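Structure first, commentary second.
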Protein chains: 2
Amino acid sequence: MANINPARRAEIGREKRARTRAELVAAANSLFAKQAVESVTVDDVVREAGVAKGTFYVHFDGLDALTAAVAEELVLSFDEMLQADRLSLADPALRIAFGCSSFIDKALNDPRWASLVARMAAASPKGGELLRGRIFEDLQKFSQSLPGSGASAELNLEIVVGIMLQLMRALGERRLPSLDRDAAISAILRSIGLNAREAKSVLGRLSTSADGAMADGARPRKPQRQGAARSGA
Amino acid sequence: MANINPARRAEIGREKRARTRAELVAAANSLFAKQAVESVTVDDVVREAGVAKGTFYVHFDGLDALTAAVAEELVLSFDEMLQADRLSLADPALRIAFGCSSFIDKALNDPRWASLVARMAAASPKGGELLRGRIFEDLQKFSQSLPGSGASAELNLEIVVGIMLQLMRALGERRLPSLDRDAAISAILRSIGLNAREAKSVLGRLSTSADGAMADGARPRKPQRQGAARSGA
DNA sequence: CGTCATATTGACCGTACCGTCCAGACGCGG
DNA sequence: CCGCGTCTGGACGGTACGGTCAATATGACG
């Protein structure tokens with residue numbers, strides 16, 4: 001009794017601590033979307049977050065730890081958002097199309113996010129390993145399902161990632177302001193070995209299953225875009 | 001009295017000046033291939049080049065000017081190497097395939113170069129504008145030649161550039177040690193709208209015309225790779 | 001060999017940044 | 001009300017970097 005529960009003590013601070021940490025991560029998010037990751041300083045971050053410098057070093061060992069945290073949050077939040085729907089799709093090509101589609105949609109709705117993703121991928125390649133792994137899984141299954149005309153899954157992985165990252169860069173820099181999402185996904189599918197007909201078929205299945213998934217409430221934001229009217233496709 | 005020809009004086013220094021400048025650019029090349037462009041300092045460069053710090057500022061206004069010079073040299077030397085052969089090709093798809101093929105060949109023979117290209121493209125996007133323009137020209141002609149099934153030239157440009165840059169990164173980091181060049185080019189061609197048959201046809205025409213161009217002596221390095229044996233394709 | 005234009009040198013300074021530290025605020029249990 | 005632990009603030013030292021400048025080396029010319 002005399003001894004106050006030390007675990008209780010620790011838990012008390014946890015909330016405030018977590019909030020401050022989240023503020024630092026949010027500030028870094030904001031700065032990384034604006035300027036080169038390497039050019040962001042600790043002073044920049046603490047000024048943006050509205051906390052003192054000492055506080056920063058209570059939460060992180062240095063800028064590298066912060067960037068890693070930002071990358072992890074970025075990847076995990078996106079992966080979590082996708083995994084549920086992704087696992088419900090059996091066709092590997094459809095899975096890939098779905099993942100790319102979600103990526104592009106989010107980037108179209110939020111160019112700052114696209115810019116952030118592009119910069120983080122370049123600055124901390126380690127972070128994207130998880131998503132690379134997801135795509136690689138699907139590509140391997142896809143390669144097996146194909147007779148033998150396609151390239152290796154390793155090459156296809158670099159191709160898909162390369163296209164997606166370049167699209168993120170372009171969207172983040174406000175090039176391609178009116179990107180045709182379906183055309184982009186079709187190009188990705190064709191590059192890994194589908195023909196035009198098959199790609200179109202996947203796109204068709206994607207729009208129906210995606211609408212279903214959206215209706216589940218997994219996506220709070222309204223997912224419709226101006227191009228969504230083409231329900232006939 | 002007899003004023004010595006000032007133009008002569010200027011010309012005298014030109015040679016030494018040019019050599020020192022070239023040494024600085026070469027040192028930067030070497031460093032940029034090894035580490036992040038942003039992390040290279042003036043002291044690093046002058047140490048690598050074996051000149052004094054003051055000398056650096058005689059030749060360049062700062063690191064940005066050096067980077068720009070490196071990028072310009074990189075782009076111009078590659079563009080010059082390609083333009084002659086490129087202009088002899090009428091088919092835009094073949095032109096694109098030829099350009100990509102040359103890029104990949106050089107990267108396979110010199111991963112340091114690939115790494116340098118990838119880093120420079122990220123660090124000084126301005127420099128690559130010329131090559132982007134070349135590809136864009138070909139893609140526009142290509143889009144016109146196609147009935148209307150393909151995507152916009154703008155989107156195709158980002159796709160092609162995205163794939164090439166990712167391949168440069170992968171090659172520079174020694175991933176994909178045994179990259180199948182033909183498979184990569186086929187993927188690029190399919191992504192912009194060719195079907196598998198057409199892509200194969202372009203690859204066939206590419207290997208013949210490329211062999212011809214190689215024999216001209218434009219490429220001192222032996223261009224054969226282990227995959228080149230498939231002359232039957 | 002002396003002259004002169006030019007190239008080169010490296011010590012030097014100001015600054016921006018990193019990482020630390022200690023004094024004080026805050027929130028809780030007693 | 002006090003005691004205790006954690007979090008916070010911003011001043012401080014150390015340092016690495018960018019950029020300058022007066023002194024010196026080079027080498028062609030007469």
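All values derive from a computational prediction rather than experimental measurement. Each chain gets a letter, A, B and so on, in the order its sequence line appears, and its residues count up from 1.
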End-to-end axis angle, where each axis spans five pairs of the helix from C:dC1-D:dG30 to C:dG30-D:dC1, to 10°: 10°

Given C:dG19, D:dT20, C:dT8, the nucleotide with the shortest approach to the side chain of B:Thr55: C:dT8

Minimum-distance nucleotide to A:Lys53 side chain [options: C:dT20, D:dG18, D:dT8]: C:dT20

Within residues 41-52 of chain B: residues closer than 4.0 Å to DNA chain D (heavy atoms): B:Thr41, B:Val42, B:Asp43

Any side-chain donor near an acceptor of the partner, B:Asp44 and B:Thr41, under 3.5 Å: yes

[X] [atom1] - [N] [atom2] separation (whole Å):
| X | N | atom1 | atom2 | answer |
| --- | --- | --- | --- | --- |
| A:Leu66 | C:dG19 | CG | C1' | 15 Å |
| A:Arg19 | D:dT6 | CZ | C1' | 14 Å |
| B:Tyr57 | C:dG10 | OH | C1' | 14 Å |
| B:His59 | C:dT9 | NE2 | C1' | 12 Å |
| B:Phe60 | C:dT8 | CZ | C1' | 15 Å |
| B:Leu63 | C:dA16 | CG | P | 17 Å |
| B:Phe56 | D:dT20 | CZ | P | 11 Å |
| A:Glu38 | C:dA16 | CD | C1' | 17 Å |

Short side-chain N/O contact from A:Thr20 to OP1 or OP2 of D:dT8, under 4.0 Å: yes

Whether [X] side chain and [Y] backbone form a donor-acceptor pair below 3.5 Å:
| X | Y | answer |
| --- | --- | --- |
| A:Ser191 | A:Ile188 | yes |
| A:Asp105 | A:Ser102 | no |
| A:Arg174 | A:Gly172 | yes |

Pair listing, ring-ring contact (aromatic ring centres under 6.0 Å, His included) test, anchored in residues 39-68 of chain B, at least two apart: B:Phe56-B:Phe60

Residue pairs fulfilling ring-ring contact (aromatic ring centres under 6.0 Å, His included) with at least one residue in residues 158-187 of chain A, sequence neighbours excluded: none

Side chain to side chain donor-acceptor pair (under 3.5 Å) partners of residues 72-81 of chain A, not counting sequence neighbours, each pair once: A:Asp79-A:Arg134

With sequence neighbours excluded, residues passing side chain to side chain donor-acceptor pair (under 3.5 Å) with B:Glu129: none

Name of the residue among A:Glu154, A:Glu158, A:Glu137 meeting salt bridge (charged side-chain N to carboxylate O under 4.0 Å, His left out) with A:Arg132: A:Glu158

Nearest-nucleotide 5' precedence on DNA chain C, A:Gly54 against A:Ser39: A:Ser39

